[in-house]
Number of protein chains: 2
Amino acid sequence: MTVDVDSPAESGARRGSGAVFAPLYRQIKQLLVASLEQGEWKPGELIPSELELAHRFQVSQGTVRKAVDELAAANLLVRRQGKGTFVATHHEPRAQFRFLRIVPDAGEAVPAESRFLECRRLKAPAEIARQLQLKTGDPVVYVRRLLFLSGKPVVLDDIWLPGALFKGLTSERLARYHGPLYGLFESEFDTRMIRAQEQLRAVAADATVARLLQVPKDSPLLLVDRVSFSYGDRPVEVRRGLCVTTAHHYRNALY
Amino acid sequence: MTVDVDSPAESGARRGSGAVFAPLYRQIKQLLVASLEQGEWKPGELIPSELELAHRFQVSQGTVRKAVDELAAANLLVRRQGKGTFVATHHEPRAQFRFLRIVPDAGEAVPAESRFLECRRLKAPAEIARQLQLKTGDPVVYVRRLLFLSGKPVVLDDIWLPGALFKGLTSERLARYHGPLYGLFESEFDTRMIRAQEQLRAVAADATVARLLQVPKDSPLLLVDRVSFSYGDRPVEVRRGLCVTTAHHYRNALY
DNA sequence: TAGTGGTCTAGACCACATA
DNA sequence: ATGTGGTCTAGACCACTAG
(Lines give C-alpha, C1' and ligand atoms only; values in the text may rest on other atoms or scores of the structure.)
Protein backbone atom coordinates (compact mmCIF):
# COMPACT_ATOMS: atom_id res chain seq x y z
CA MET A 1 0.00 0.00 0.00
CA THR A 2 2.67 2.46 0.99
CA VAL A 3 5.61 3.33 -1.16
CA ASP A 4 8.11 1.08 0.51
CA VAL A 5 11.79 1.21 -0.09
CA ASP A 6 12.05 -2.35 1.00
CA SER A 7 15.07 -3.89 -0.64
CA PRO A 8 18.31 -3.27 -2.51
CA ALA A 9 16.43 -4.28 -5.67
CA GLU A 10 18.70 -5.60 -8.37
CA SER A 11 17.85 -4.79 -11.94
CA GLY A 12 18.40 -8.32 -13.18
CA ALA A 13 15.03 -10.02 -13.50
CA ARG A 14 15.78 -13.65 -12.98
CA ARG A 15 12.90 -15.94 -12.30
CA GLY A 16 12.39 -17.37 -8.83
CA SER A 17 16.09 -17.58 -8.06
CA GLY A 18 16.25 -17.24 -4.29
CA ALA A 19 19.33 -15.02 -4.37
CA VAL A 20 17.03 -12.07 -5.10
CA PHE A 21 15.80 -10.24 -2.01
CA ALA A 22 12.43 -9.07 -3.31
CA PRO A 23 9.83 -10.64 -5.59
CA LEU A 24 10.12 -9.66 -9.21
CA TYR A 25 6.98 -7.53 -9.20
CA ARG A 26 8.34 -5.48 -6.28
CA GLN A 27 11.50 -4.82 -8.24
CA ILE A 28 9.43 -3.79 -11.25
CA LYS A 29 7.42 -1.55 -8.95
CA GLN A 30 10.56 0.17 -7.73
CA LEU A 31 11.78 0.64 -11.29
CA LEU A 32 8.46 2.26 -12.18
CA VAL A 33 8.64 4.53 -9.13
CA ALA A 34 12.18 5.49 -10.14
CA SER A 35 10.93 6.45 -13.61
CA LEU A 36 8.15 8.50 -12.07
CA GLU A 37 10.56 10.20 -9.72
CA GLN A 38 12.96 11.04 -12.51
CA GLY A 39 10.14 12.50 -14.54
CA GLU A 40 10.23 10.01 -17.42
CA TRP A 41 6.44 10.23 -17.31
CA LYS A 42 4.85 13.41 -15.96
CA PRO A 43 1.62 13.67 -13.95
CA GLY A 44 -1.36 13.20 -16.24
CA GLU A 45 0.65 11.46 -18.93
CA LEU A 46 0.13 7.99 -20.37
CA ILE A 47 2.73 5.42 -19.42
CA PRO A 48 3.67 2.51 -21.73
CA SER A 49 1.24 -0.38 -21.99
CA GLU A 50 1.65 -3.42 -19.78
CA LEU A 51 2.87 -5.47 -22.72
CA GLU A 52 5.47 -2.87 -23.62
CA LEU A 53 6.69 -2.68 -20.01
CA ALA A 54 6.80 -6.46 -19.88
CA HIS A 55 9.11 -6.47 -22.89
CA ARG A 56 11.25 -3.72 -21.47
CA PHE A 57 11.76 -5.47 -18.16
CA GLN A 58 11.84 -8.97 -19.65
CA VAL A 59 9.03 -10.29 -17.49
CA SER A 60 5.51 -11.48 -18.18
CA GLN A 61 2.55 -9.16 -18.45
CA GLY A 62 1.13 -10.62 -15.25
CA THR A 63 4.14 -9.52 -13.27
CA VAL A 64 3.96 -5.98 -14.61
CA ARG A 65 0.26 -6.04 -13.86
CA LYS A 66 0.83 -6.84 -10.21
CA ALA A 67 3.37 -4.03 -9.89
CA VAL A 68 1.01 -1.56 -11.55
CA ASP A 69 -1.84 -2.82 -9.38
CA GLU A 70 0.03 -1.83 -6.25
CA LEU A 71 0.98 1.55 -7.65
CA ALA A 72 -2.64 2.18 -8.61
CA ALA A 73 -3.74 1.16 -5.10
CA ALA A 74 -1.25 3.69 -3.70
CA ASN A 75 -2.71 6.37 -5.98
CA LEU A 76 0.52 6.87 -7.93
CA LEU A 77 -1.02 5.56 -11.14
CA VAL A 78 -4.55 5.52 -12.51
CA ARG A 79 -5.79 2.76 -14.79
CA ARG A 80 -8.39 3.46 -17.44
CA GLN A 81 -9.76 0.47 -19.25
CA GLY A 82 -9.34 0.73 -23.00
CA LYS A 83 -7.16 3.82 -22.76
CA GLY A 84 -4.12 2.89 -20.73
CA THR A 85 -2.41 3.67 -17.45
CA PHE A 86 -1.75 7.28 -16.45
CA VAL A 87 0.37 9.05 -13.90
CA ALA A 88 -1.93 10.34 -11.18
CA THR A 89 -2.24 14.11 -10.86
CA HIS A 90 -3.60 16.48 -8.25
CA HIS A 91 -5.36 18.37 -11.03
CA GLU A 92 -8.08 15.82 -11.74
CA PRO A 93 -11.17 16.52 -9.64
CA ARG A 94 -11.12 12.95 -8.39
CA ALA A 95 -7.90 13.67 -6.46
CA GLN A 96 -9.09 16.91 -4.86
CA PHE A 97 -10.60 15.41 -1.78
CA ARG A 98 -7.86 12.95 -1.07
CA PHE A 99 -5.98 15.53 0.98
CA LEU A 100 -8.80 17.92 1.83
CA ARG A 101 -10.82 16.27 4.55
CA ILE A 102 -12.78 19.28 5.75
CA VAL A 103 -16.33 19.07 4.43
CA PRO A 104 -19.58 20.89 5.25
CA ASP A 105 -21.90 19.21 7.77
CA ALA A 106 -24.74 19.50 5.29
CA GLY A 107 -24.77 19.66 1.55
CA GLU A 108 -22.18 18.77 -1.02
CA ALA A 109 -18.45 19.37 -0.79
CA VAL A 110 -17.74 22.66 -2.49
CA PRO A 111 -14.48 23.66 -4.19
CA ALA A 112 -12.35 25.65 -1.76
CA GLU A 113 -11.03 29.13 -2.44
CA SER A 114 -7.70 30.39 -1.13
CA ARG A 115 -6.63 33.84 0.02
CA PHE A 116 -2.91 34.07 0.52
CA LEU A 117 -1.93 36.29 3.42
CA GLU A 118 1.82 35.83 3.44
CA CYS A 119 4.61 34.20 1.49
CA ARG A 120 8.19 34.74 2.46
CA ARG A 121 11.52 33.04 2.84
CA LEU A 122 12.89 32.38 6.29
CA LYS A 123 15.40 30.24 8.14
CA ALA A 124 13.85 27.00 9.30
CA PRO A 125 12.97 26.88 12.99
CA ALA A 126 14.31 23.78 14.72
CA GLU A 127 11.01 21.90 14.81
CA ILE A 128 10.18 22.57 11.15
CA ALA A 129 13.71 21.66 10.08
CA ARG A 130 13.49 18.38 11.94
CA GLN A 131 10.23 17.45 10.26
CA LEU A 132 11.55 18.38 6.80
CA GLN A 133 14.84 16.59 7.47
CA LEU A 134 16.75 19.85 7.03
CA LYS A 135 19.17 21.64 9.31
CA THR A 136 17.97 24.41 11.58
CA GLY A 137 18.42 27.67 9.69
CA ASP A 138 18.21 26.11 6.24
CA PRO A 139 16.08 28.20 3.89
CA VAL A 140 12.37 27.43 3.83
CA VAL A 141 9.37 29.08 2.20
CA TYR A 142 6.63 30.05 4.61
CA VAL A 143 3.07 30.53 3.40
CA ARG A 144 0.01 31.61 5.32
CA ARG A 145 -3.37 31.31 3.71
CA LEU A 146 -7.06 31.35 4.50
CA LEU A 147 -9.32 28.75 2.98
CA PHE A 148 -12.88 29.79 2.19
CA LEU A 149 -15.73 27.34 1.80
CA SER A 150 -18.97 28.73 0.45
CA GLY A 151 -17.55 32.20 1.03
CA LYS A 152 -16.80 31.68 4.72
CA PRO A 153 -13.27 31.49 6.18
CA VAL A 154 -12.92 27.96 7.55
CA VAL A 155 -9.25 27.02 7.62
CA LEU A 156 -6.10 28.99 8.41
CA ASP A 157 -3.06 27.18 7.04
CA ASP A 158 0.57 27.79 7.89
CA ILE A 159 2.79 25.99 5.43
CA TRP A 160 6.54 25.41 5.34
CA LEU A 161 8.34 24.12 2.24
CA PRO A 162 12.03 23.36 1.61
CA GLY A 163 13.54 26.48 0.03
CA ALA A 164 15.69 24.44 -2.31
CA LEU A 165 12.66 22.91 -4.01
CA PHE A 166 10.41 25.97 -4.17
CA LYS A 167 12.69 28.72 -5.45
CA GLY A 168 10.23 30.62 -7.63
CA LEU A 169 7.33 30.57 -5.18
CA THR A 170 6.02 34.08 -4.49
CA SER A 171 2.85 35.78 -3.30
CA GLU A 172 2.12 36.87 -6.85
CA ARG A 173 2.56 33.39 -8.21
CA LEU A 174 0.18 32.04 -5.57
CA ALA A 175 -2.41 34.77 -6.08
CA ARG A 176 -2.52 34.14 -9.82
CA TYR A 177 -3.07 30.42 -9.37
CA HIS A 178 -6.50 28.91 -8.91
CA GLY A 179 -6.91 25.29 -7.96
CA PRO A 180 -5.44 22.85 -5.51
CA LEU A 181 -2.09 23.88 -4.07
CA TYR A 182 -0.65 20.43 -4.66
CA GLY A 183 -1.53 20.85 -8.32
CA LEU A 184 0.62 23.95 -8.48
CA PHE A 185 3.44 22.19 -6.66
CA GLU A 186 3.43 19.28 -9.09
CA SER A 187 3.16 21.40 -12.25
CA GLU A 188 5.52 24.21 -11.40
CA PHE A 189 7.94 22.73 -8.89
CA ASP A 190 8.14 19.07 -9.91
CA THR A 191 7.17 18.06 -6.41
CA ARG A 192 4.37 15.55 -6.12
CA MET A 193 2.73 14.84 -2.78
CA ILE A 194 2.24 11.10 -2.44
CA ARG A 195 1.07 10.63 1.09
CA ALA A 196 0.76 12.55 4.34
CA GLN A 197 0.73 11.93 8.05
CA GLU A 198 -1.56 13.99 10.26
CA GLN A 199 -2.02 14.65 13.97
CA LEU A 200 -5.31 16.19 15.10
CA ARG A 201 -5.97 18.12 18.28
CA ALA A 202 -8.47 20.56 19.70
CA VAL A 203 -7.10 23.97 20.70
CA ALA A 204 -8.41 27.41 21.66
CA ALA A 205 -8.22 30.29 19.18
CA ASP A 206 -5.81 33.07 20.11
CA ALA A 207 -6.63 36.68 19.28
CA THR A 208 -4.95 36.78 15.87
CA VAL A 209 -6.40 33.52 14.66
CA ALA A 210 -9.84 34.42 16.01
CA ARG A 211 -9.81 37.64 14.00
CA LEU A 212 -8.77 35.93 10.79
CA LEU A 213 -11.31 33.14 11.11
CA GLN A 214 -14.02 35.52 12.34
CA VAL A 215 -14.74 33.58 15.52
CA PRO A 216 -14.65 34.64 19.18
CA LYS A 217 -11.32 34.40 20.96
CA ASP A 218 -10.84 31.06 22.75
CA SER A 219 -13.23 29.30 20.40
CA PRO A 220 -12.36 25.63 20.07
CA LEU A 221 -10.58 24.94 16.79
CA LEU A 222 -9.44 21.74 15.14
CA LEU A 223 -5.66 21.76 14.77
CA VAL A 224 -4.35 19.59 11.96
CA ASP A 225 -0.59 19.04 11.87
CA ARG A 226 0.49 17.50 8.61
CA VAL A 227 3.73 16.30 7.10
CA SER A 228 3.52 15.45 3.40
CA PHE A 229 5.87 13.12 1.59
CA SER A 230 6.99 12.80 -1.99
CA TYR A 231 8.55 9.80 -3.73
CA GLY A 232 10.95 7.83 -1.55
CA ASP A 233 9.28 9.08 1.62
CA ARG A 234 11.01 12.44 1.40
CA PRO A 235 9.17 14.97 3.60
CA VAL A 236 8.48 18.06 1.48
CA GLU A 237 5.83 19.99 3.34
CA VAL A 238 4.89 20.81 6.91
CA ARG A 239 1.42 22.23 7.32
CA ARG A 240 -0.44 23.42 10.38
CA GLY A 241 -4.11 24.03 9.81
CA LEU A 242 -6.64 25.57 12.18
CA CYS A 243 -10.22 24.75 11.30
CA VAL A 244 -13.54 26.15 12.43
CA THR A 245 -15.78 23.15 12.97
CA THR A 246 -19.14 24.73 13.65
CA ALA A 247 -20.56 24.06 10.19
CA HIS A 248 -17.82 21.76 8.89
CA HIS A 249 -16.05 18.65 10.08
CA TYR A 250 -13.03 16.51 9.32
CA ARG A 251 -14.20 13.30 7.75
CA ASN A 252 -12.38 10.02 8.07
CA ALA A 253 -12.98 6.40 7.20
CA LEU A 254 -11.65 3.47 9.21
CA TYR A 255 -11.14 0.02 7.74
CA MET B 1 -11.58 -1.90 -0.67
CA THR B 2 -14.98 -1.51 0.89
CA VAL B 3 -17.44 -4.31 1.28
CA ASP B 4 -19.55 -3.50 -1.70
CA VAL B 5 -22.91 -5.00 -2.36
CA ASP B 6 -22.51 -4.25 -5.98
CA SER B 7 -24.60 -6.69 -7.93
CA PRO B 8 -27.36 -9.25 -7.78
CA ALA B 9 -24.58 -11.88 -7.87
CA GLU B 10 -25.73 -15.18 -9.29
CA SER B 11 -24.38 -18.30 -7.71
CA GLY B 12 -23.68 -19.97 -11.02
CA ALA B 13 -20.01 -19.56 -11.86
CA ARG B 14 -19.94 -19.57 -15.61
CA ARG B 15 -16.81 -18.37 -17.30
CA GLY B 16 -16.73 -15.02 -19.08
CA SER B 17 -20.32 -15.24 -20.21
CA GLY B 18 -21.40 -11.62 -20.44
CA ALA B 19 -24.82 -12.30 -18.98
CA VAL B 20 -23.22 -12.17 -15.53
CA PHE B 21 -23.25 -8.75 -13.91
CA ALA B 22 -20.07 -9.03 -11.87
CA PRO B 23 -16.71 -10.67 -12.51
CA LEU B 24 -16.40 -14.16 -11.14
CA TYR B 25 -13.98 -13.20 -8.38
CA ARG B 26 -16.45 -10.59 -7.09
CA GLN B 27 -19.14 -13.22 -6.93
CA ILE B 28 -16.78 -15.51 -5.05
CA LYS B 29 -15.97 -12.61 -2.74
CA GLN B 30 -19.65 -12.10 -1.97
CA LEU B 31 -20.08 -15.81 -1.31
CA LEU B 32 -17.17 -15.70 1.12
CA VAL B 33 -18.62 -12.65 2.86
CA ALA B 34 -21.95 -14.46 3.13
CA SER B 35 -20.21 -17.40 4.80
CA LEU B 36 -18.48 -15.05 7.20
CA GLU B 37 -21.74 -13.29 7.98
CA GLN B 38 -23.56 -16.55 8.61
CA GLY B 39 -20.81 -17.65 10.94
CA GLU B 40 -19.61 -20.63 8.91
CA TRP B 41 -16.11 -19.54 9.98
CA LYS B 42 -15.75 -17.60 13.23
CA PRO B 43 -13.24 -14.81 13.93
CA GLY B 44 -9.80 -16.27 14.47
CA GLU B 45 -10.61 -19.53 12.71
CA LEU B 46 -8.93 -21.04 9.68
CA ILE B 47 -10.93 -20.99 6.48
CA PRO B 48 -10.55 -23.68 3.78
CA SER B 49 -7.47 -23.53 1.55
CA GLU B 50 -7.60 -21.75 -1.77
CA LEU B 51 -7.56 -25.04 -3.65
CA GLU B 52 -10.43 -26.35 -1.58
CA LEU B 53 -12.47 -23.19 -2.16
CA ALA B 54 -11.66 -23.37 -5.86
CA HIS B 55 -13.13 -26.87 -5.98
CA ARG B 56 -16.17 -25.84 -4.00
CA PHE B 57 -16.95 -22.90 -6.25
CA GLN B 58 -15.80 -24.62 -9.46
CA VAL B 59 -13.31 -21.93 -10.40
CA SER B 60 -9.55 -21.79 -10.64
CA GLN B 61 -7.28 -21.12 -7.69
CA GLY B 62 -6.32 -17.78 -9.22
CA THR B 63 -9.90 -16.56 -9.10
CA VAL B 64 -10.30 -17.55 -5.46
CA ARG B 65 -6.97 -15.87 -4.78
CA LYS B 66 -8.15 -12.57 -6.18
CA ALA B 67 -11.32 -12.70 -4.08
CA VAL B 68 -9.35 -13.51 -0.95
CA ASP B 69 -6.83 -10.78 -1.80
CA GLU B 70 -9.56 -8.17 -1.69
CA LEU B 71 -11.01 -9.50 1.55
CA ALA B 72 -7.55 -9.47 3.10
CA ALA B 73 -7.04 -5.88 1.89
CA ALA B 74 -10.34 -4.95 3.56
CA ASN B 75 -9.15 -6.58 6.79
CA LEU B 76 -11.84 -9.23 6.79
CA LEU B 77 -9.34 -12.03 6.35
CA VAL B 78 -5.70 -12.45 7.31
CA ARG B 79 -3.31 -14.55 5.24
CA ARG B 80 -0.44 -16.40 6.85
CA GLN B 81 2.01 -18.03 4.52
CA GLY B 82 2.42 -21.72 5.19
CA LYS B 83 -0.48 -21.80 7.64
CA GLY B 84 -3.55 -20.70 5.78
CA THR B 85 -6.10 -17.91 5.70
CA PHE B 86 -7.86 -16.85 8.89
CA VAL B 87 -10.90 -14.79 9.77
CA ALA B 88 -9.69 -11.48 11.17
CA THR B 89 -10.45 -10.80 14.82
CA HIS B 90 -10.41 -7.74 17.06
CA HIS B 91 -8.59 -9.82 19.67
CA GLU B 92 -5.23 -10.01 17.94
CA PRO B 93 -2.99 -7.13 19.04
CA ARG B 94 -2.40 -6.21 15.40
CA ALA B 95 -6.05 -5.13 15.10
CA GLN B 96 -6.17 -3.02 18.27
CA PHE B 97 -5.06 0.23 16.74
CA ARG B 98 -7.16 0.02 13.64
CA PHE B 99 -10.08 1.69 15.39
CA LEU B 100 -8.26 3.41 18.24
CA ARG B 101 -6.56 6.44 16.72
CA ILE B 102 -5.78 8.32 19.91
CA VAL B 103 -2.09 7.95 20.71
CA PRO B 104 0.28 9.72 23.10
CA ASP B 105 2.30 12.62 21.67
CA ALA B 106 5.48 10.99 22.94
CA GLY B 107 6.33 7.40 23.64
CA GLU B 108 4.74 4.19 22.55
CA ALA B 109 1.04 3.52 22.22
CA VAL B 110 -0.07 1.95 25.45
CA PRO B 111 -3.01 -0.46 25.91
CA ALA B 112 -6.07 1.49 26.99
CA GLU B 113 -8.05 0.79 30.15
CA SER B 114 -11.81 1.28 30.40
CA ARG B 115 -13.97 2.36 33.31
CA PHE B 116 -17.64 1.92 32.61
CA LEU B 117 -19.81 4.63 34.11
CA GLU B 118 -23.19 3.62 32.80
CA CYS B 119 -24.94 0.90 30.88
CA ARG B 120 -28.67 0.94 30.44
CA ARG B 121 -31.44 0.30 27.98
CA LEU B 122 -33.37 3.21 26.55
CA LYS B 123 -35.57 4.18 23.64
CA ALA B 124 -33.56 5.43 20.70
CA PRO B 125 -33.58 9.22 20.27
CA ALA B 126 -34.43 10.29 16.73
CA GLU B 127 -30.88 11.07 15.67
CA ILE B 128 -29.42 7.83 17.03
CA ALA B 129 -32.24 5.81 15.50
CA ARG B 130 -31.60 7.39 12.14
CA GLN B 131 -27.93 6.54 12.21
CA LEU B 132 -28.60 2.96 13.30
CA GLN B 133 -31.38 2.62 10.73
CA LEU B 134 -33.91 1.94 13.47
CA LYS B 135 -37.17 3.65 14.31
CA THR B 136 -37.29 6.36 16.95
CA GLY B 137 -38.11 4.69 20.25
CA ASP B 138 -36.69 1.29 19.28
CA PRO B 139 -34.70 -0.24 22.12
CA VAL B 140 -31.00 0.59 22.24
CA VAL B 141 -28.26 -0.05 24.74
CA TYR B 142 -26.50 3.05 25.97
CA VAL B 143 -22.99 2.84 27.43
CA ARG B 144 -20.85 5.58 28.89
CA ARG B 145 -17.23 4.86 29.61
CA LEU B 146 -13.97 6.58 30.38
CA LEU B 147 -10.82 5.51 28.61
CA PHE B 148 -7.58 5.77 30.54
CA LEU B 149 -4.18 5.94 28.87
CA SER B 150 -1.19 5.59 31.17
CA GLY B 151 -3.54 6.05 34.10
CA LYS B 152 -4.99 9.38 32.91
CA PRO B 153 -8.58 9.85 31.71
CA VAL B 154 -8.31 10.79 28.05
CA VAL B 155 -11.53 9.83 26.28
CA LEU B 156 -15.16 9.92 27.35
CA ASP B 157 -17.23 7.69 25.09
CA ASP B 158 -20.99 7.60 24.72
CA ILE B 159 -22.04 4.51 22.83
CA TRP B 160 -25.39 3.41 21.42
CA LEU B 161 -26.02 -0.13 20.20
CA PRO B 162 -29.12 -1.77 18.71
CA GLY B 163 -30.97 -3.42 21.59
CA ALA B 164 -31.92 -6.39 19.45
CA LEU B 165 -28.28 -7.37 18.92
CA PHE B 166 -26.92 -6.72 22.41
CA LYS B 167 -29.46 -8.33 24.69
CA GLY B 168 -27.15 -9.62 27.40
CA LEU B 169 -25.00 -6.51 27.69
CA THR B 170 -24.84 -5.24 31.27
CA SER B 171 -22.59 -3.13 33.46
CA GLU B 172 -21.35 -6.27 35.20
CA ARG B 173 -20.56 -7.97 31.91
CA LEU B 174 -18.58 -4.92 30.78
CA ALA B 175 -16.74 -4.53 34.07
CA ARG B 176 -15.60 -8.14 34.04
CA TYR B 177 -14.23 -7.85 30.51
CA HIS B 178 -10.74 -6.64 29.78
CA GLY B 179 -9.62 -5.90 26.26
CA PRO B 180 -10.96 -4.11 23.24
CA LEU B 181 -14.70 -3.52 23.26
CA TYR B 182 -15.03 -4.74 19.68
CA GLY B 183 -13.44 -7.99 20.80
CA LEU B 184 -16.23 -8.46 23.32
CA PHE B 185 -18.85 -7.58 20.71
CA GLU B 186 -17.52 -10.13 18.26
CA SER B 187 -17.07 -12.95 20.81
CA GLU B 188 -20.23 -12.52 22.85
CA PHE B 189 -22.69 -10.86 20.51
CA ASP B 190 -21.69 -12.18 17.09
CA THR B 191 -21.34 -8.64 15.83
CA ARG B 192 -18.13 -7.83 14.03
CA MET B 193 -17.19 -4.25 13.24
CA ILE B 194 -15.84 -4.09 9.72
CA ARG B 195 -15.46 -0.43 9.05
CA ALA B 196 -16.41 2.94 10.50
CA GLN B 197 -17.08 6.47 9.38
CA GLU B 198 -15.98 9.34 11.59
CA GLN B 199 -16.58 13.07 11.81
CA LEU B 200 -14.16 15.14 13.89
CA ARG B 201 -14.78 18.52 15.44
CA ALA B 202 -13.39 20.74 18.19
CA VAL B 203 -15.77 21.60 21.01
CA ALA B 204 -15.66 23.13 24.48
CA ALA B 205 -16.00 20.95 27.57
CA ASP B 206 -19.20 21.42 29.57
CA ALA B 207 -19.19 21.12 33.35
CA THR B 208 -19.99 17.42 33.54
CA VAL B 209 -17.50 16.38 30.90
CA ALA B 210 -14.82 18.63 32.38
CA ARG B 211 -15.20 16.94 35.75
CA LEU B 212 -15.00 13.44 34.30
CA LEU B 213 -11.98 14.20 32.16
CA GLN B 214 -10.33 16.27 34.90
CA VAL B 215 -9.89 19.37 32.77
CA PRO B 216 -11.10 22.95 33.26
CA LYS B 217 -14.58 23.79 32.02
CA ASP B 218 -14.57 25.10 28.43
CA SER B 219 -11.32 23.32 27.61
CA PRO B 220 -11.12 22.50 23.91
CA LEU B 221 -11.85 18.82 23.30
CA LEU B 222 -11.72 16.70 20.19
CA LEU B 223 -15.18 15.37 19.38
CA VAL B 224 -15.21 12.15 17.38
CA ASP B 225 -18.56 11.04 16.01
CA ARG B 226 -18.43 7.50 14.73
CA VAL B 227 -20.80 5.10 13.05
CA SER B 228 -19.52 1.54 12.81
CA PHE B 229 -20.70 -0.98 10.27
CA SER B 230 -20.83 -4.75 10.20
CA TYR B 231 -21.12 -7.05 7.19
CA GLY B 232 -23.35 -5.73 4.45
CA ASP B 233 -22.89 -2.13 5.58
CA ARG B 234 -25.30 -2.57 8.45
CA PRO B 235 -24.74 0.23 11.00
CA VAL B 236 -24.41 -1.40 14.44
CA GLU B 237 -22.84 1.24 16.66
CA VAL B 238 -23.01 4.98 17.16
CA ARG B 239 -20.21 6.39 19.26
CA ARG B 240 -19.51 9.90 20.41
CA GLY B 241 -16.05 10.36 21.91
CA LEU B 242 -14.66 13.43 23.64
CA CYS B 243 -10.86 13.44 23.80
CA VAL B 244 -8.39 15.50 25.77
CA THR B 245 -5.64 16.34 23.30
CA THR B 246 -3.07 17.99 25.51
CA ALA B 247 -0.76 14.99 25.68
CA HIS B 248 -2.42 12.85 23.02
CA HIS B 249 -3.57 13.29 19.46
CA TYR B 250 -5.66 11.62 16.80
CA ARG B 251 -3.38 10.18 14.18
CA ASN B 252 -4.31 9.73 10.56
CA ALA B 253 -2.59 8.77 7.34
CA LEU B 254 -3.56 10.13 3.92
CA TYR B 255 -2.80 8.32 0.69
C1' DT C 1 7.24 -34.77 3.95
C1' DA C 2 3.03 -32.63 2.96
C1' DG C 3 0.18 -28.68 2.83
C1' DT C 4 -0.32 -23.76 2.67
C1' DG C 5 0.01 -19.22 0.61
C1' DG C 6 3.30 -16.45 -2.72
C1' DT C 7 5.27 -15.73 -7.26
C1' DC C 8 5.67 -16.19 -12.17
C1' DT C 9 4.41 -17.55 -16.65
C1' DA C 10 1.69 -18.13 -21.09
C1' DG C 11 -2.27 -17.84 -23.41
C1' DA C 12 -7.20 -17.13 -24.15
C1' DC C 13 -10.98 -14.23 -24.24
C1' DC C 14 -13.85 -10.04 -22.69
C1' DA C 15 -14.94 -4.99 -22.23
C1' DC C 16 -13.89 -0.56 -23.45
C1' DA C 17 -12.03 3.36 -26.23
C1' DT C 18 -10.53 5.26 -30.42
C1' DA C 19 -9.67 5.79 -35.16
C1' DA D 1 -9.98 -2.89 -36.75
C1' DT D 2 -6.72 -2.28 -33.31
C1' DG D 3 -4.87 -1.58 -28.87
C1' DT D 4 -5.70 -1.07 -24.05
C1' DG D 5 -6.68 -2.85 -19.49
C1' DG D 6 -9.73 -6.69 -17.03
C1' DT D 7 -10.73 -11.51 -16.20
C1' DC D 8 -9.91 -16.40 -16.06
C1' DT D 9 -7.37 -20.48 -16.48
C1' DA D 10 -3.65 -24.10 -15.82
C1' DG D 11 0.52 -25.29 -14.34
C1' DA D 12 5.14 -24.72 -12.42
C1' DC D 13 7.99 -23.62 -8.76
C1' DC D 14 9.31 -21.07 -4.29
C1' DA D 15 8.93 -19.99 0.80
C1' DC D 16 7.08 -20.98 4.98
C1' DT D 17 4.96 -24.03 8.66
C1' DA D 18 4.16 -28.05 11.02
C1' DG D 19 3.92 -32.97 12.01
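Proteins come first, then strands; the chains are lettered A, B, ... in the order of their sequence lines, and each starts at number 1. Keep in mind that what you see is a predicted model, and the values were worked out from it rather than measured.
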Check: Between B:Lys66 and D:dC8, is there a side-chain N or O to OP1/OP2 distance below 4.0 Å?
Finding: no
Next item on the list: Among the candidates D:dG5, D:dT9, C:dT9, find the nucleotide nearest to the side-chain atoms of A:Gln81.
Entry: D:dG5
Margin query: Show the nearest heavy-atom pair for residues B:Arg234 and B:Leu165, with the distance to one decimal.
Written below: NH1-CD1, 4.3 Å
Check: Should A:Ser49 be listed as having a side-chain N or O under 4.0 Å from OP1 or OP2 of D:dG3?
Finding: no
Note to self: What is the separation between atom CD on A:Glu52 and atom P on D:dG5, rounded to the nearest whole Å?
What the structure shows: 9 Å
Checklist line | NZ/NE/NH1/NH2 to OD/OE distance under 4.0 Å, A:Arg101 and A:Glu198 | finding: no
Check: What orientation do A:Phe185 and A:Phe189 show, parallel under 30°, tilted 30 to 60°, or perpendicular over 60°?
Finding: perpendicular
Next item on the list: Provide the Watson-Crick or G-U wobble partner of D:dG19, both distances under 3.5 Å; none if there is no partner.
Entry: none
Notebook entry, point to check: Atom CG of A:Leu51 to atom C1' of C:dA10: distance rounded to whole Å?
Noted result: 11 Å
Notebook entry, point to check: Does A:Thr63 have a side-chain nitrogen or oxygen under 4.0 Å from the phosphate oxygens OP1 or OP2 of C:dT9?
Noted result: yes
Checklist line | Separation of D:dA18 P from B:Leu46 CG (nearest whole Å) | finding: 12 Å
Notebook entry, point to check: Has B:Ser60 got a side-chain N or O lying under 4.0 Å from the OP1 or OP2 atom of D:dC8?
Noted result: no
Check: Less than 4.0 Å between a side-chain N and a carboxylate O, is that true for A:Glu40 and A:Arg56?
Finding: yes
Next item on the list: May I have the distance from B:Leu77 (atom CG) to C:dG5 (atom P), rounded to whole angstrom?
Entry: 11 Å
Item checked: B:Phe86 CZ to C:dG5 C1', straight-line distance once rounded to whole Å -> 11 Å
Next item on the list: Verify the contact: side-chain N or O of B:Lys83 to OP1 or OP2 of C:dG5, cut-off strictly under 4.0 Å; return yes or no.
Entry: no
Next item on the list: May I ask you to say what B:Arg65 touches in the nucleic acid, namely base, sugar-phosphate or nothing, with a heavy-atom cut-off under 4.0 Å?
Entry: base
Next item on the list: Cation-pi check, B:Arg115 to B:Phe148: give yes when NZ or CZ is under 6.0 Å from the six-membered ring centre and within 45° of the ring axis, no otherwise.
Entry: no
Next item on the list: Would you kindly give the CZ-to-C1' distance between B:Arg80 and C:dG6, to the nearest whole Å?
Entry: 16 Å
Next item on the list: Send over the distance from B:Gln61 CD to D:dC13 C1', rounded to a whole Å.
Entry: 12 Å
Checklist line | Rounded distance (Å) that lies between atom C1' of C:dG6 and atom CD of A:Glu70 | finding: 12 Å
